[in-house]
Visitor: 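Right, I'll just put the structure down here and ask away after.
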Protein chains: 2
Amino acid sequence: MRSDVKPDRRSRDNARVTITDLSQALSLTKGTVSRALNGYPDISETTRIRVIRAAQAMGYRPMSQAQAIKTGRSCSLGLVIELSEHDAHAPFLAEFLAGLTQAASAEGWTLTIATSESEGDTLRIMRDLILHRKADGFILPRVLWDDPRIAFLDRENAPYICYGRSKNHADTSYFDALSEKSMAEAVTWLAQLGHERIAYIGSASHYAYSHLRRDGYRAGLIQEGLDFDPALMIEEVLDPEEAAKATRQLLAMEQPPTAILCATDTLARGVYDVAHALDLKIGSDLSIIGYDGSPEAQAMWPRLATFAVDNRKAGAALGAMLMARVRDLNAPLQQDLIAAEFRPGGSTGRPDKTSEELAHHVIRLSADTIRND
Amino acid sequence: MRSDVKPDRRSRDNARVTITDLSQALSLTKGTVSRALNGYPDISETTRIRVIRAAQAMGYRPMSQAQAIKTGRSCSLGLVIELSEHDAHAPFLAEFLAGLTQAASAEGWTLTIATSESEGDTLRIMRDLILHRKADGFILPRVLWDDPRIAFLDRENAPYICYGRSKNHADTSYFDALSEKSMAEAVTWLAQLGHERIAYIGSASHYAYSHLRRDGYRAGLIQEGLDFDPALMIEEVLDPEEAAKATRQLLAMEQPPTAILCATDTLARGVYDVAHALDLKIGSDLSIIGYDGSPEAQAMWPRLATFAVDNRKAGAALGAMLMARVRDLNAPLQQDLIAAEFRPGGSTGRPDKTSEELAHHVIRLSADTIRND
DNA sequence: CGCATTGCCGAAACCGGTTTCGGGGTTTCT
DNA sequence: AGAAACCCCGAAACCGGTTTCGGCAATGCG
């Protein structure tokens, strides 16, 4: 009773209106209609508006597939997600996709997404998508400091927009959050609460953002007149487990930090784990700030102070930029930045203990640490 | 030096191999090659394998766009994500997409995704995608108990597969996790730890899964010989805030539950919040179990015990099912179920306090509760 | 007033495929 | 041996668009 009704009527009766329908209604040829709609100069203004009017009235919208075989443009944005990454795209993805598809569908475009297992895989897939006209260009999420995708797409002469600033970002079109500014803000926030020893746990340096955030941290220290202690900065930290290890290392110092700034919320999870294990009260014994505004931050207790990036807006901006670039690859580069919004949480507060008191506390509980390690 | 090299060579020199190339190489006509590849019966077996061999050797793969305009099939799976939902798709999305695109690209298909702001919007978008051949069929995520998309697609005679079991799931093709079994397991787990009063916080009943999970909870109680107390079951809980309210209500009972089972991890967040506010020790004063295996569960402390669904596998299965269905809409329905894997965490344990002791504890701290409400 | 432009549109080829139609060559049957 | 039935494949139309080419009419210019 369900799917076996009308077994052969694959072509729906409420069919799409084609360019032929439109041309017949107007008593023009397909070619003329096509040129009118595509802004060719050899069509009089009067017939042009007549065609456009009729097109709107009849609800005509060209079938992009048919266009693609002749023009080579399929009106679709490509997004290849690499799955092998340590920190999953999970949290930011949904909002990001929302922005992208919103921008795309506003102009009748679609989003083609694919996943890959490795870097080489990504390049192969992108070539394939371009070759088969499944994507006219690409959004590059999670740009690396030295990103092979950029070199590849330059070589292939394919349009793309970066989400993030790579090493050579001056030569690329990009959209990014000013995470370096956020990191400096975080330092200021902590310094104003009275923290003097503020540590930084950074992520893998092949990510473009890690350079920026690290620099932002250091800029913040300078701005607040705090000394930079290299021992307080641990980088190349990939996941919560490694962040936990880094945290233990920091807290084992003679003068441990009273606040820890993390490049991502995910890393902050590791800091939380250690704080819980050492029975440190987060927000007083130890202050923590993350970055990303991810759902994880909402799930932590106390709430992780973090910087929320509007990923939907980012997606929309990137989509619009890419469409413009596809339309004209020789247009000037587009570069845009937004500021992330600080979202306070219970994870920061005035330091309850001095650095020395904290050290004593940790030593007292070191037995637990050994057990956990 | 970057994008302005080779300004006009839009058609790459490493061009795609078309069916014409192939037919010329074989000294056959396009038509014959096409029929050979598409399994027409009027092609001799010898030439068929000759064509197929050559196609592989030359790396020919038909351009799906060109096929689409004649056949009406674009070889792409449609996925429309509704954004207005209370509980975002965020956590499960990335893995789910991975599975989908993996299944799709294995057969040269792609995934077209779109987002919508409302239910009506979703239907419009789906019709549009079908009409413009941007999707041959749809994966329906987060199926509702009485889902308008199902009725709509039936009416449109378009292929689809449900992720979840709706009211009439017997009549649909679906893939789903056996969440009712998981809920029963959860009850058993808690009962074996010594819990006798186990509450359930369920989500909005328009979701298909809430019926199943609720029934699973009750089945678990029966199986363990525990009484069902209607006061211990609160449904239609939409978000963590409402879950927090429900938790306070449960704990304010004369005989409060010593364990709370939540239909989703997100709801468990609200339970955690209240537990923290009331200074209840999670995993001893109060045991909590969620469902979904989301990253949030990893971010909570102690780790939320939950049931992890392999969303990648689900995506792959759904993709394969949909492709089969697009190829033959009259094929028999496909229905498949997997079990979620229990992932223990520190959030469960033997009840440290009896229900009565818990009640006293809560009363003592009720002042805080009032302040928070 | 005549000729060269220009503006505007129809006709037709084209893109990369699919599908229908028809016909030539074998085989089978009587 | 001749007719009927198959088995294959080429030829050509088609899908829904785009783009080139050429020609007709109206204009510009001397």
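Here is how names work: the chains are called A, B, and so on, in the same order as the sequence lines, proteins then strands, and each is numbered from 1.
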Visitor: Return whichever of K30(A) or R35(A) has its heavy-atom-nearest nucleotide of DNA chain D closer to the 5' end.
Guide: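 Closest to the 5' end, via its nearest nucleotide, is K30(A).
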Visitor: Could you check whether S27(B) gets within reach of a base, just the sugar-phosphate, or nothing at all, counting any heavy atom under 4.0 Å?
Guide: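 Result for S27(B) = sugar-phosphate.
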Visitor: Whether the S166(A) and D147(A) side chains hold a donor-acceptor pair (N or O, under 3.5 Å, no angle test) is what I'd like checked.
Guide: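 Note: S166(A) and D147(A) side chains miss the donor-acceptor criterion.
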Visitor: Quick one: label S34(B) by what it contacts on the DNA or RNA (base, sugar-phosphate, nothing), any heavy atom closer than 4.0 Å.
Guide: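 Base contact - S34(B) has a heavy atom under 4.0 Å of at least one base atom.
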Visitor: Taking Y163(A) as the fixed residue, which of L140(A), L318(A), L79(A) is the one that meets the side-chain contact (heavy atoms from CB on, under 4.5 Å) rule?
Guide: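 Single pass found, and it is L318(A).
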Visitor: Please confirm whether the backbone N or O of L83(B) pairs with a side-chain atom of E117(B), one donor and one acceptor, at under 3.5 Å?
Guide: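 No, because the side chain of E117(B) does not come within donor-acceptor range (under 3.5 Å) of the backbone of L83(B).
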Visitor: Counting the atoms with a prime plus P, OP1 and OP2 as sugar-phosphate, which does T18(A) contact under 4.0 Å by heavy atoms, base, sugar-phosphate, or nothing?
Guide: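 Since only primed, P, OP1 and OP2 atoms lie under 4.0 Å of T18(A), the category is sugar-phosphate.
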Visitor: Do the side chain of D42(B) and the base of dC9(D) come within less than 3.5 angstrom through a donor-acceptor pair of N or O atoms?
Guide: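 When only heavy-atom distances are counted, D42(B) does reach the base of dC9(D) through a donor-acceptor pair under 3.5 Å.
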Visitor: Among residues 45-66 of chain A, which contact DNA chain C at a heavy-atom distance under 4.0 Å?
Guide: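 Within this stretch, T47(A) sit under 4.0 Å of the strand.
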Visitor: Ignoring hydrogens and angles, tell me if any N or O in the side chain of D21(B) forms a donor-acceptor pair with the backbone of T18(B) under 3.5 Å.
Guide: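 Yes.
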Visitor: Give the minimum heavy-atom separation between R149(A) and V143(A), together with the two atoms involved.
Guide: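 Of all heavy-atom pairs spanning R149(A) and V143(A), the closest is NH2-CA, 3.6 Å.
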Visitor: Which nucleotide span of DNA chain C, 5' end to 3' end, has atoms closer than 4.0 Å to non-hydrogen atoms of chain B?
Guide: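 In short, chain B contacts DNA chain C from dG16(C) to dC21(C).
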Visitor: Under 4.0 Å, heavy atoms only, any strand: does T32(A) hit a base, just the sugar-phosphate, or nothing?
Guide: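 It contacts base atoms.
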Visitor: Using heavy atoms to find the nearest nucleotide of DNA chain C for K70(A) and T29(A) separately, return the residue whose nucleotide is more 5′.
Guide: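 This one resolves to T29(A).
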Visitor: Rounded at 0.5 Å granularity, tell me how far OH in Y60(A) sits from CZ in R16(A).
Guide: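 Result: 6.5 Å between the selected atoms.
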Visitor: Using heavy atoms to find the nearest nucleotide of DNA chain D for G31(B) and Q67(A) separately, return the residue whose nucleotide is more 5′.
Guide: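 The answer here is G31(B).
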Visitor: Please work out whether the ring planes of Y174(B) and H169(B) are parallel, tilted or perpendicular, with thresholds of 30° and 60°.
Guide: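 Plane angle over 60°, so perpendicular.
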Visitor: Testing the 3.5 Å rule here: is there a donor-acceptor pair between the side chains of K134(B) and S64(A)?
Guide: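 Note: K134(B) and S64(A) side chains meet the donor-acceptor criterion.
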Visitor: What is the minimum heavy-atom distance between L37(A) and A55(A), and which atoms define it?
Guide: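 It is CD2-CB, 4.3 Å.
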